[in-house]
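Order of appearance sets the numbers: ligands from 1, and atoms from 1 within every ligand.
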Amino acid sequence: MHEASGNQEIVMKHTFEQLRLDSVSRSFTNAEGQQLAALKGLDLDIQRGEFIALLGPSGCGKSTALNCIAGLQPLTGGGIWLDDKRIDVLPPEKRGFGMVFQNYALFPHMSVLDNVGFGLKMRGVSKAEATKRAKAALNLVQLIGHDAKLPGQLSGGQQQRVAIARAIVIEPPLVLMDEPLSNLDTKLRIEMRAEIRRIHGKLERATIYVTHDQDEALSMADRIVVMKEGVVQQVAAPKEVYSRPKNLHVARFMGFRNVVKATLEGTQGESVAVNANGVRLLGMPMEGFDSKSVSVALRPEDMERAEPGAENAFDAHVEIVEYGGRDSLIIVNTAFGKLWARIAGECSEGERISLRVAPSKTLVYGEEK
Ligand code: ATP
């Protein structure tokens, strides 16, 4: 592709159609000599042009997966393919992927331009050509005019842009980012999300982005890979992961903070009816059913005030109110336990109210073991 600006352009040469992770595993040996599996048979196909987020709690294996793809860590099982070429046997420099880390890892004594051109110099590109390409990369991240500054003279967001320019200047087929925004403040993080998406769109290559932040993954990715303890739980578009989490683990991680035990009563059209300690609820059947004991997942944000007796309505005794301006986060006691709810409007501790969650947002999973 060509990203033209005056007489500068960044031309991406290496191309591919698909990156394929085939049962990728990675184990570590601990001090007692035991094998700990950080990645357990990761299968994933990534197409050119896709923005993939690896999402999960700390320690789930996201960074290990990224490092295995980059070649910074050897696999202990499986293989990685770029189209028909096996690449897990290649050293990182032969893979030529661009990497952006949380700590920008810029050279403090080098100018912005030299930081960006460094990788090209190391690859034997002439100074004139390296300067031209570094300027094109700086143009793409909208940092033209800052070439001569030292990293310390830039803001955190600008430094992260330099790190991105440095990653893309080598014309990588794939850009790998490991929590690149976690050192930035909230406002800048949100701006940089859009910026990284824009750069990704211009490059027309694939980006793999590691984060533990659901909002970041939801707002940036074409597909989200949710991981837990080295195992992929769900691979799907953001909307799917948000509204139809595949299992209770993903549901909890995506904000279904209330998980209630119930008994399956039967089906009603596309819905299932459950009994939660005497309260009848209609919900969407998800997965994992192997008995009549089920778990119902409800998001605090999906709760709304209801007329008593309305579909899916239940009585709630307000115990704690955390006032939040536009809405309040409350803890209520119900027939089936304590719940978190985020509701609009006023309400006070001690009040008895009626709440409901629409059946389409009441997710019914098999019993949590
Ligand atoms: P975080 O968001 O905290 O960075 P993560 O999801 O990226 O977490 P990894 O860093 O990939 O998780 O770690 C996965 C598991 O592998 C963890 O249990 C971790 O302790 C272990 N691990 C990672 N690197 C090593 C290492 N060099 N030696 C031993 N164990 C390791």
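Side-chain atoms of His200 come within 3.5 Å of backbone N or O of Gly49 as a donor-acceptor pair. A donor-acceptor pair under 3.5 Å is formed between the side chain of Asp147 and the backbone N or O of Gly145.
Side-chain contact check for Glu287 and Asn247: no donor-acceptor pair (N or O, by modelled atom type) lies under 3.5 Å.
Taking Ile, Leu, Val, Met, Phe, Trp and Tyr as members and joining any whose side-chain heavy atoms lie under 4.5 Å apart, directly or through other members, the hydrophobic cluster of Val364 also contains Val260, Leu264, Val272, Val274, Val279, Leu281, Phe289, Val294, Val296, Leu298, Met303, Phe314, Val318, Val321, Ile330, Val332, Phe336, Leu339, Ile343, Ile353, Leu355, Val357.
Heavy-atom minimum distance, Pro92 versus Leu72: CG-CD2, 4.1 Å.
Protein residues are said to neighbour a ligand when one of their heavy atoms lies under 4.0 Å from it; for ligand 1 these are Phe28, Ala38, Pro57, Ser58, Gly59, Cys60, Gly61, Lys62, Ser63, Thr64, Glu179.
The number of heavy-atom neighbours closer than 6.0 Å to CG of Asn30, taken from other residues, nucleotides and ligands shown, is above 12.
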